[in-house]
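Have a look at the structure below before the remarks.
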Amino acid sequence: MKETDWRFRIAHREAWIGLGLALFNFAWWFAFAYGLGSRPVEEYTYILGLPDWFFYSCIVGFLVMVVLVTVIVKFFFVDVPFDEEQEEHR
């Protein structure tokens with residue numbers, strides 16, 4: 001039985017992290033867009049001229065995701081070479 005390449009374990013872990021980030025982004029957006037946005041228009045409050053539900057779901061959500069993705073990539077993702085390992089050619 002051939003041993004699985006170590007790079008696949010890293011790729012699978014990083015794919016799960018990416019899926020988790022995408023699900024978190026959707027949950028954030030959904031919670032603010034439909035949570036705050038389901039009120040009558042007369043009850044909206046505005047931030048920088050935007051309805052609060054839009055500001056929190058799209059503007060703040062984008063900034064939170066930028067920070068999260070930057071931190072995750074910097075501290076949890078690993079630089080993996082795509083070349084075949086040198087030991088296999090010897």
Side-chain angles (χ1 to χ4, degrees):
M1 184 166 114
K2 184 177 178 182
E3 185 177 322
T4 305
D5 193 343
W6 60 274
R7 295 173 288 193
F8 285 110
R9 285 194 320 264
I10 293 172
H12 285 275
R13 181 179 65 96
E14 292 178 358
W16 281 109
I17 291 171
L19 181 63
L21 285 170
L23 291 174
F24 174 78
N25 186 32
F26 179 76
W28 177 286
W29 173 84
F30 190 86
F32 280 106
Y34 285 99
L36 293 176
S38 62
R39 300 173 302 187
V41 176
E42 296 81 23
E43 296 179 14
Y44 285 176
T45 55
Y46 294 88
I47 301 170
L48 300 175
L50 301 168
D52 58 351
W53 65 265
F54 182 84
F55 181 79
Y56 290 120
S57 66
C58 295
I59 308 299
V60 175
F62 171 75
L63 296 174
V64 167
M65 287 307 297
V66 166
V67 170
L68 273 177
V69 169
T70 303
V71 168
I72 294 290
V73 168
K74 184 171 180 95
F75 294 109
F76 294 99
F77 280 25
V78 179
D79 190 18
V80 177
F82 292 124
D83 300 344
E84 291 187 32
E85 296 184 46
Q86 296 297 329
E87 296 122 24
E88 292 179 5
H89 292 292
R90 292 182 184 172

Hydrophobic cluster mates of Leu19, side-chain heavy atoms under 4.5 angstrom, ILVMFWY only, any path? Trp16, Leu23
Any idea which heavy atoms bring Val78 and Arg13 closest together, and the distance? CG2-NH2, 3.7 Å
Evaluate the side-chain proximity of Glu14 to Phe76: yes if any heavy-atom separation is below 4.5 Å, no if none is. no
Those residues that, when tested against Asp52, pass side chain to side chain contact (heavy atoms under 4.5 Å, CB included) (two or more places apart): Leu36, Arg39, Thr45, Ile47, Tyr56
For residues 55-81, which residue pairs qualify under salt bridge (Lys or Arg N to Asp or Glu O under 4.0 Å), counting only residues two or more places apart or in two chains? none
Is the Tyr44 ring parallel, tilted or perpendicular to the Tyr46 ring (thresholds 30°, 60°)? perpendicular
Is there a path from Val71 to Val73 through hydrophobic residues (I, L, V, M, F, W, Y) whose side chains come within less than 4.5 Å of each other? yes
Applied to residues 22-38, the salt bridge (Lys or Arg N to Asp or Glu O under 4.0 Å) test, sequence neighbours excluded, yields none
For a 4.5 angstrom cut-off between non-hydrogen side-chain atoms, does Leu68 reach Val64? yes
Check which hydrophobic residues are tied to Phe82 through side-chain heavy-atom contacts below 4.5 Å, counting indirect links as well, and list them. none
Ring pair (Phe, Tyr, Trp, His ring centres under 6.0 Å) test vs Tyr34 passes for just one of Phe54, Phe26, Trp29, Trp28, namely Trp29
Hey, does Val60 have a side-chain heavy atom less than 4.5 Å from the side chain of Phe32? no
Ile17, Ile10: one ILVMFWY side-chain cluster at the under-4.5 Å cut-off? no
How long is the gap from OG1 on Thr4 to CZ on Arg9, to the nearest 0.5 Å? 8.5 Å
For Val66, the side chain to side chain contact (heavy atoms under 4.5 Å, CB included) test, sequence neighbours excluded, returns Phe62, Thr70
Minimum heavy-atom separation for Ala33 and Trp53, please, with both atom names. CA-CE3, 3.9 Å
Is there a path of hydrophobic side-chain contacts, each under 4.5 Å between heavy atoms of I/L/V/M/F/W/Y residues, joining Phe55 to Leu63? no
With a 3.5 Å distance limit and no angle check, can you tell me whether Arg7 reaches the backbone of Val80 through a side-chain donor-acceptor pair? no
